[in-house]
Amino acid sequence: MRLSSSKHLTLLVLAAIILIAPFGFPSNFYYRIGSLIFVNGLAVTGLVILIGFAGQISLGHAGFAGIGAYACALAPQYLGLHPALAMLLGTALSAAIAWLIGRPILRLQGYYLAVATLGFGILVSMVLANEAPITGGPDGHEVPELGLRKLLETIGLDLSNAQFWYAFTGLFLLAGTWLALNLHDSPSGRALRALHDSEIAARTVGVDVTRYKLSAFVLSAVYASLSGSLLALMNKFITPDAAGFLHSIELVTMTVLGGAGSVPGAVAGAALLTMLPQVLTVLQDYEHMILGLIMMLVMIFMPSGLVPSLSRLLRGRT
Amino acid sequence: MPLLRVEGLGIDFGGLRAVDNVGFQVEPGEIVSVIGPNGAGKTTLFNMISGAYQPARGAVSLDGEIVTGMVPHLLARRGLSRTFQNLQIFQKMTVLENVMVGCHLQERASLLADLFSTPASRKRSAETRAAALKLLERVGLDCAADKEASSLSYGALKRLEIARALALEPRILLLDEPAAGCNAVETEEIDHLVADVAKSGVAILLVEHDMKLVMRISNHIVVLDRGEKIAEGRPGEVSRDPKVIEAYLGVQPKEAGGHALG
Amino acid sequence: MLSVENLRSRYGRIEVLHGVDLDVRSGEIVAVVGANGAGKTTLLRCISGVQPISGGSMVFRGEPLQTVSAHRRVALGLSQSPEGRQIFTNLTVEENLRLGAYLFSDARVETDMAEAFALFPILKEKRNLAAGGLSGGQQQMLAIARALMARPACLLLDEPSMGLAPILVAQILDVVKNLKALGITVLLVEQNAYAALQVADRGYVMETGRITMSGPAEQLIADERIRAAYLGV
Amino acid sequence: MTELLQYVLSGLTVGAVYALVALGFTIIYNASNVVNFAQGEFVMLGGMITFFAWQAGLPLPLAAALAILAAAAVGVALNKLAVERARGAPVVSLIIITIGASIFLRGGAQLVFDKQLHRFPAFSGDEPLVIGGATILPQGLWVVAGAATVFALLYLFFTRTLTGKAILATANNRVAARLVGINTDYMMTLSFALSAAIGALAGVLMTPITLTSYDLGVAYALKGFAAAMLGGMGVPAGALVGGLMLGLIEAITAGYVSSVYKDAVAFIVILAVLFAMPQGLFGRKSTDRV
Amino acid sequence: DIKIGATVSETGPASSLGDPEAKTLRMLVEEINAAGGVLGEKIELVAYDDAGDPNKARTFATRLIEDDEVVAIIGGSTTGTTMSIMQVVADAEIPFISLAGAIEIVDPVQQWTFKTPHTDRMACAKIFENMKAAGVTKIGMISGSDGFGASMHKQCLQIIGDYGIEVLIDETYGPNDADMTPQLTNIRGKEGVQAILNAGFGQGPAIVTRNYGQLGIKTPLYQSHGVASKAFIELAGPASNGVKLPGTAILVANLLKQDDPQYAVVSAYKKAYEEKTGSPASTFGGYAHDALRLLVDSIGRAGKAEPAAIRDAIEQTKGFVGVTGVVNMSATDHLGLDLTAFRMLEIKDGDWALAQ
Ligand SMILES: Nc1ncnc2c1ncn2[C@@H]1O[C@H](COP(=O)(O)OP(=O)(O)OP(=O)(O)O)[C@@H](O)[C@H]1O
Ligand SMILES: Nc1ncnc2c1ncn2[C@@H]1O[C@H](COP(=O)(O)OP(=O)(O)OP(=O)(O)O)[C@@H](O)[C@H]1O
Ligand SMILES: [Mg+2]
Ligand SMILES: [Mg+2]
């Protein structure tokens, strides 16, 4: 893996893209797409750690996104917390829940783990949808203004709402990417990738497999939760769909399309799947068929995902 | 006090007594070989000692501490390391990384430090890398360090497992057929390697069907058949034991050229 | 019977066979020896069709093999006991053997299986157990037995002695000799070079993807360089 | 008492639907270790094609046969055009291919057919059968019988036939399967055809009860998947028992506890079972040794 | 050209709402343009499919405003998507006509948001009125757990007390459930239930009705306005005979008297839609019809295609005759419908009839 030496390069390229892209934006709408990519990219980066590094599949991570999102919606209303604190509370809650359910769930393997996490995600979205008196039910709940933009204005940094969220979520993504890249080539990252390939061998060299799996699970839950919080704060409105099964599947799809083990792949996968529906609107009725087709084609021709396959191709050229 | 002591160890699979009432001990710096026909229970014995299987009966102690059925990563902390008969390689990692994972315990990783890539974490990684490269050199795989492990040939993988097991800096090393898939010359290299490691004070428990290797380097040999210990002693004694010859050796190993038997 | 000409093969972009030439005549036992990573396994995989080739040609019983897919090569009479055993771990021992004779459903399957059990009695004892539970050596026996179930005209053995007790190594080599008596051709890859060359008629020496030496087995055993490099004497 | 009986009958009907979907997963999984997330679309195709063929004037049995054949053809195409081409790809990538296929098929169905709900007549009328005061629709019996028959056939297929074993061998070790002469491509094609046909059959049998529409696939794939995992993926008996159990749990929870959280209870039971039996009720632990 | 934006749920769980809506919008734009457009300009419809996902709806609303630069937006098939869009139009100051049912959309009144469907609360009121007249005081409820069912359920419970009616048993079902006999068995077993009310749309009401028939329940069954087209009668089968529900004029177009104010509008829309698409016209398509007609009418009255002017014109709408009802907007009422928009219908002999 040449990743270690290219770690800083990856970050640099990502930062450069985030900075330069707005100069090419024809309208404010593109800031919105950018922020969505970053928000999704953050959750997907967490899944890269869980699925790509540690090899533990989850079909329920939208559940954590839902927890993060509803923390921002409900904590200000019921606890009077500032939205930023609500976000932290959501993160802590997600981490705690991940830690609690991770212990029994992570003993399962493969599809059994998948169905267990799926069940968890469905439980969360069900509670959010059914406890209508508290959560607002399927119709959703409003989320208060974060207020940071106003704060920036007072210090003379005047950004439009769209620009602010673009920058704010972009920073989160950069931070998330930086951490994940650090992890990849660290002792802990190696331990995670090792237990992915052979649990028994990882154990015999002293890796506390249970603990590491759990760490990856909690970490990815934190990523997902933050991503959910950001989405809620950005949209100022949230519905249980954020925690839904389809959102979980979407996140996993982004992870795999981009390249499950690759951190830049997470961003690429998120970008692809976020932009595609926007591009495909011109095709009207054929949108879904083409979306499905593209997913299949990418996996057929780049079975290990966009970024790993493309970089292999590039290295082959040079 | 012996480093490893095994007493009355046994396990069943379904109705089969795979291992029954096996006991022996290994001192630091000693090479003890376990031999016996296919299916005698050698690998199962290893699996029980190293915590992969829970023994049904008996006890294992390390340095006087009872460690029966202890989980492998705790055994690893107590200095027990092993290789596998059915290779357990981290296929998608590089050869070097495979060995670096072996250094896991020396790295004393803290997830937070690693996430934030603290200088200490980076320094440890660098040290591990250097140590791992040395080990690769020792097993002759240094030129393949950056290859993906899945691209190695079978024999190379066997040696990679040995390097990874050594990375743990074990006090006792369990080797399950380390020379399988190696030719006579390569086997000899492993022979030297194992002897070297033992010389540094590491206790070695060895399973191997290459009698030339076993007879040459073992201090002590334990013979299993159908899960039970049928003989035990110095190489010379054991190889003359009629029970052993009948169950396992067939004919006396010839010296020259008789690689496994000849 | 089998002739391989200028065979090339690669994993991804890395070529590991750089033009291998090899001939196996009908009824012969041919041994291939070489160091770890020389490409012996790759060669056998190419012949049995589970490894794509990037150049050269292979002819088996007068028929070019390149375009024949792996499963049809079994029908042509090529059968392999692969490196790493590759048994069906989730199926029983008996099912493994039955699938060895996948192409047949006549009465001979039963007798062949009985023969396999006679050859390796332990397999009979464990016939109804999952093959994944077998010991390493038992799995090796199963792999060899399974290859024999396919009624090969030419048997490809990749390190058949690996993991076998000395008493069985001798037995396996006897089996190989018996096969020859039955008219079955054998291409044998062995790290146990001395033993292999002892039963073989001819031998090839492989080094980093090339054949560097070949000749009658006795001649190779006598060769100083080979003795030093592969036989360890 | 009548109530309990009614819940049980309702649970059996729905459970048999889940079981049929779950059974459809078994074959592809057994051939490739891949859970085909497009399985629900085969169910949809079964119902939709039957409906439109029937509406176009075909007698119902013929329409159903046509639907099953067409779905099988789609299954084969999915294998030939996508799954087979991605040979050697990691399992997660194959899963994404099946998810892509699912989106593709749904998108296609909304174009070719429509977005309305549809239904065709029950095979044996709509007059409910009364059993001890509780009722079940004759079509419910059709579904139960269908699930039982498919289970029996699959059980025999995997335990008694060489082809069944060859399919298992293909998933267990593809290279080894080719080395013993198994045409693994054919096995994959066969398994996709059979899986799709079973899925379509499920769609045909259940539509008179559940209605059909272009987008019902996801929901049933999800339930079928959960049922299959509860019973143990790849085991026909697991799919049958898992499906029936899931249906019964839902019905009894809805009856006695709360209809709001009946799906939640179902998943909690699944989690509880998996914690006790990590391979599901009937799942086999793979026997690889170290 | 005057650009009008739309984002509806053409696919996804709410596609039975969004699909007729989208088709209606496309059809009407063609019609209007063929008739010369408005203010001498053609209308250009930019329509996106948000699949019922509020996050997507917000993105598309942003796109419509920022990228496509539309002067007004129609859409939000569901309450969730509508709520998302409302945040955007409020910031961008673009008039928005929602197609969703919840009362929260127009209460409290939001400056830029309007809607054409009557609220679920009105549907509840219509049903309860009918129940009250029939002497019903105790009912069992069964609702879908999706947005539509949950929202109607909530609003019904808010006003049910006003009619002296009480809910003895309250059941739900999931949007994809295939069998509701356990819930109905419970309702049947509940002492004193005089009527059953089912709030839901899609397949749920059809299956509830079939199960109701299967269990031989005799208590009268009320469905909601979520049962919005003739297809329901077909899907629910003979058990649907006797089912009552509050419906819009579109369901009983053929029963409308010539002098009914809605007669012309409803018949014209129904005919055009059914000819164009080959599927039965539905209440939901009617919502979209009204939204677009209302919008175009307002643009005409505003005299210019500017968001603020259009908004004001919408707010001043009086006596606009739509498929759903006659609309009278005001600064305090961004819906403008009253209960007369609903007609109590009953299914008789496999067809709609006006209930007594
Ligand atoms: N997990 C298991 N399930 C069933 N049987 C098992 C299992 N593990 C071991 N056995 C049985 O226990 C016996 C001992 O196996 P083991 O692998 O220990 O033999 P071994 O001495 O290592 O043989 P070899 O020299 O062939 O490697 C064998 O008969 C084997 O089939
Ligand atoms: N899957 C793979 N991907 C990439 N390279 C591979 C792969 N398998 C083998 N190689 C490389 O191909 C070369 C030949 O390997 P092969 O397994 O054929 O050797 P071998 O002669 O059988 O060795 P051994 O005696 O160790 O079994 C080696 O350099 C090896 O590293
Ligand atoms: Mg062994
Ligand atoms: Mg080899």
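This is a predicted model, so every value here is computed, not measured. Each chain gets a letter, A, B and so on, in the order its sequence line appears, and its residues count up from 1.
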Approximate separation, where rounding is to 0.5 Å, of [X] [atom1] and [Y] [atom2]:
X	Y	atom1	atom2	result
B:Glu107	A:Ser186	CD	OG	8.5 Å
A:Arg190	B:Thr128	CZ	OG1	5.5 Å
B:Lys92	A:Asp197	NZ	CG	4.5 Å
B:Leu111	A:Ser215	CG	OG	5.0 Å
B:Gln88	A:Thr204	CD	OG1	8.0 Å

For a quick test of reading the model, state the closest non-hydrogen atom pair linking [X] to [Y] and the distance between them.
X	Y	result
B:Ser117	A:Lys7	OG-NZ, 3.6 Å
B:Met93	A:Arg193	SD-C, 3.9 Å
A:Ala194	B:Val101	CB-CG1, 3.7 Å
B:Ala52	A:Ile200	CB-CD1, 3.9 Å

- Message: Quick check for you: among A:Asp208, A:Val209, A:Leu219, which has the greatest number of heavy-atom pairs under 4.5 Å with chain B?
- Response: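 Result: the option with the highest number of such pairs is A:Asp208.
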- Are any of the side-chain heavy atoms of A:Asn182 and B:Leu115 separated by less than 4.5 Å?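 Contact flag for A:Asn182/B:Leu115 side chains = no.
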- Query: Side-chain contact, heavy-atom cut-off 4.5 Å: A:Asp185 with B:Glu97?
  - Reply: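 A side-chain contact exists here, since the closest heavy-atom pair is under 4.5 Å.
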If I measure from the heavy atoms of chain A, does [X] come under 4.5 Å with its side chain, its backbone, both, or neither?
X	value
B:Ile89	backbone
B:Thr83	neither
B:Leu74	neither
B:Phe84	side chain

- Message: Tell me which of these, B:Glu161, B:Arg164, B:Arg122, has more heavy-atom pairs under 4.5 Å with chain A than the rest.
- Response: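 Option with the greatest count: B:Arg164.
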- Message: Taking A:Leu183's backbone N and O only, do any of them form a donor-acceptor pair with B:Asp114's side chain (distance below 3.5 Å, no angle check)?
- Response: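 No; zero donor-acceptor contacts below 3.5 Å.
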- Stepwise side-chain contact (heavy atoms from CB on, under 4.5 Å) test for B:Phe90 and A:Leu195: CA-CA 8 Å; B:Phe90 307 129; A:Leu195 71 88; over 6 Å; no
- Task: Taking the six-membered ring for Trp and the full ring for Phe, Tyr or His, determine whether the centres of A:Tyr212 and B:His104 are under 6.0 Å apart.
- Result: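 Centroid distance A:Tyr212-B:His104: below 6.0 Å, so yes.
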